[in-house]
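So the structure is just underneath, and the comments pick up after that.
Just so it is clear: chains get the letters A, B, ... in the order the sequence lines come, proteins before strands, and each one is counted from 1. Hydrogens, waters and symmetry mates play no part in the numbers below; they use all other heavy atoms, side chains included. What you see is a predicted model, and the numbers here were worked out from it, not measured in a lab.
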Number of protein chains: 2
Amino acid sequence: MYLPHPQTDQISLPNVLSVLGDPTRLAIVAELARKDDGPVTCSHFLDICSKTNLSYHLAKLRESGVTHTEASGTSRFTTLRRADLDRRFPGLLDSVLAGTGDLASPAVEKAGNAQSA
Amino acid sequence: MYLPHPQTDQISLPNVLSVLGDPTRLAIVAELARKDDGPVTCSHFLDICSKTNLSYHLAKLRESGVTHTEASGTSRFTTLRRADLDRRFPGLLDSVLAGTGDLASPAVEKAGNAQSA
DNA sequence: TCCTTAGTTCAAAATTCATTGAACAATTGG
DNA sequence: CCAATTGTTCAATGAATTTTGAACTAAGGA
């Protein structure tokens, strides 16, 4: 019933960065922020990726300390751990979220990183 | 002679995040910051990883827009693109660098991400 | 010129990560 | 109770990433 989450002080920077470095997860986090940091059910994100894949990405976000997820009935409610992240890495989340504004869709982002050598 | 670098406005957020999400590269960037943003030669980082592997990571950093590298003689001088990053993603670099303070060594960081489910 | 220094490139191996479909579990409404 | 809804887990696959060693280039000093 209760899902494991890292405590605030054991949230790891490289971990958070690489978790947020995935375009699908970044889109999830941006949407969460747009929804006032949640809570939001998993199915809310179904336009971003498949159900099974969503499970995977939401687990990554939770395990890295970026989100909090809590089960209730057949649903799971996810929130952004904004206060915890701000305490652990002041300014990080804000600057990341600001950067998601001019972001193309995750699909485009995934394709469009050709660097000419 | 001249190495390719992305222009400031085409630096991609997910790209920067995943590039910085690697502990070895984060250590390189932290060291660069400690050295006043450089310039610093490649060999300066040889205590962090092998020469050949360093080539790989420095290329990633350069291609993502995090660093600038310029050849001179048999050496290459690398600097942090702090001003460009600040313009593109205000506050991001500062908060990341602040977070590297309490960072364990890259090796430890690589090993120590066991999440109990 | 020869040797050393600085760093790269290439191909292979090892690892990790993301995505999928099938099967499953649990809760809830009718 | 039955069926639908919500979401998970598992195993497989494919794709990217990281790491390594060997061979290489280019510049500079003796």
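Distance A/Arg62 CZ to D/dT9 C1': 13 Å, rounded to the nearest Å. Separating the CD1 atom of B/Ile28 from the P atom of C/dG7 is a distance of 12 Å, rounded to the nearest angstrom. The distance from atom CZ of A/Phe77 to atom P of D/dT8 is 13 Å, rounded to the nearest whole Å. Distance CG (A/Leu46) to P (D/dT8): 10 Å, rounded to an integer number of Å. Nucleotide C/dT19 holds its P atom 12 Å from the NZ atom of A/Lys60, rounded to whole Å. If you measure from atom CG of B/Leu3 to atom C1' of C/dA6, you get 14 Å, rounded to the nearest angstrom. In this structure, CD of B/Glu63 is placed 11 Å from P of D/dT17, rounded to the nearest angstrom. Regarding A/Glu70, its CD atom lies at a distance of 16 Å from the C1' atom of D/dG7, rounded to whole Å.
Scored by the side-chain contact (heavy atoms from CB on, under 4.5 Å) test, B/Lys35 finds B/Glu31, B/Val40, B/His44 as partners (sequence neighbours excluded). Qualifying side-chain contact (heavy atoms from CB on, under 4.5 Å) partners for B/Thr79, counting only residues two or more places apart in sequence or in other chains: B/Pro39, B/His68. Remark: B/Ala33 engages B/Asp37, B/Leu80, B/Arg82, B/Leu97 in a side-chain contact (heavy atoms from CB on, under 4.5 Å) (not counting sequence neighbours). With sequence neighbours excluded, the residues that form a side-chain contact (heavy atoms from CB on, under 4.5 Å) with B/Cys49 are B/Thr24, B/Asn53, B/Leu54, B/His57. Take A/Arg81 and apply the salt bridge (charged side-chain N to carboxylate O under 4.0 Å, His left out) test, not counting sequence neighbours, and it matches A/Asp84. Under the rule for a side-chain hydrogen bond (donor to acceptor under 3.5 Å, both in side chains), B/Ser55 has no partner lying at least two apart in sequence or in another chain. Annotation: side-chain hydrogen bond (donor to acceptor under 3.5 Å, both in side chains) contacts of A/Thr74 (sequence neighbours excluded): none. Judged as a side-chain hydrogen bond (donor to acceptor under 3.5 Å, both in side chains), and not counting sequence neighbours, the contacts of A/Thr69 are A/Thr78.
By the rule that hydrophobic residues join a cluster once side-chain heavy atoms approach within less than 4.5 Å of another member, A/Leu46 and A/Tyr56 end up as members of separate clusters.
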Using nucleotides 8-10 of chain C, report all nitrogen or oxygen pairs with the protein that are shorter than 3.5 Å.
unit_1, atom_1, unit_2, atom_2, d
C/dT8, OP1, B/Arg76, NH1, 2.9
C/dT8, OP2, B/Ser55, OG, 2.0
C/dT8, O5', B/Ser55, OG, 3.0
C/dT9, O4, B/Thr52, OG1, 2.7

Between the protein and nucleotides 12-15 of chain D, which nitrogen or oxygen pairs are less than 3.5 angstrom apart?
none

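No hydrogens or angles considered: nothing links the side chains of A/Ser50 and A/Thr52 as a donor-acceptor pair under 3.5 Å.
Within the 4.0 Å cut-off from OP1 or OP2 of D/dG7, at least one side-chain nitrogen or oxygen of A/Ser43 is found. Distances shown here put every side-chain N or O of B/Asn53 at or beyond 4.0 Å from the OP1 or OP2 atom of D/dT18. Regarding contacts with the backbone of D/dT19, a side-chain N or O of B/His57 is found under 4.0 angstrom from either OP1 or OP2.
Take the nearest nucleotide of DNA chain C for A/Arg25 and for A/Thr74: the residue whose nucleotide is more 5' is A/Arg25.
Applying the salt bridge (charged side-chain N to carboxylate O under 4.0 Å, His left out) test to every pair with at least one member in residues 50-60 of chain B, sequence neighbours left out, gives no pairs at all.
With a 3.5 Å limit on both pairing distances and Watson-Crick or G-U wobble geometry required, the stems of 3 or more pairs in DNA chain C span C:1-30 with D:1-30.
One N or O on the side chain of A/Thr67 and one on the backbone of A/Arg62 form a donor-acceptor pair closer than 3.5 Å.
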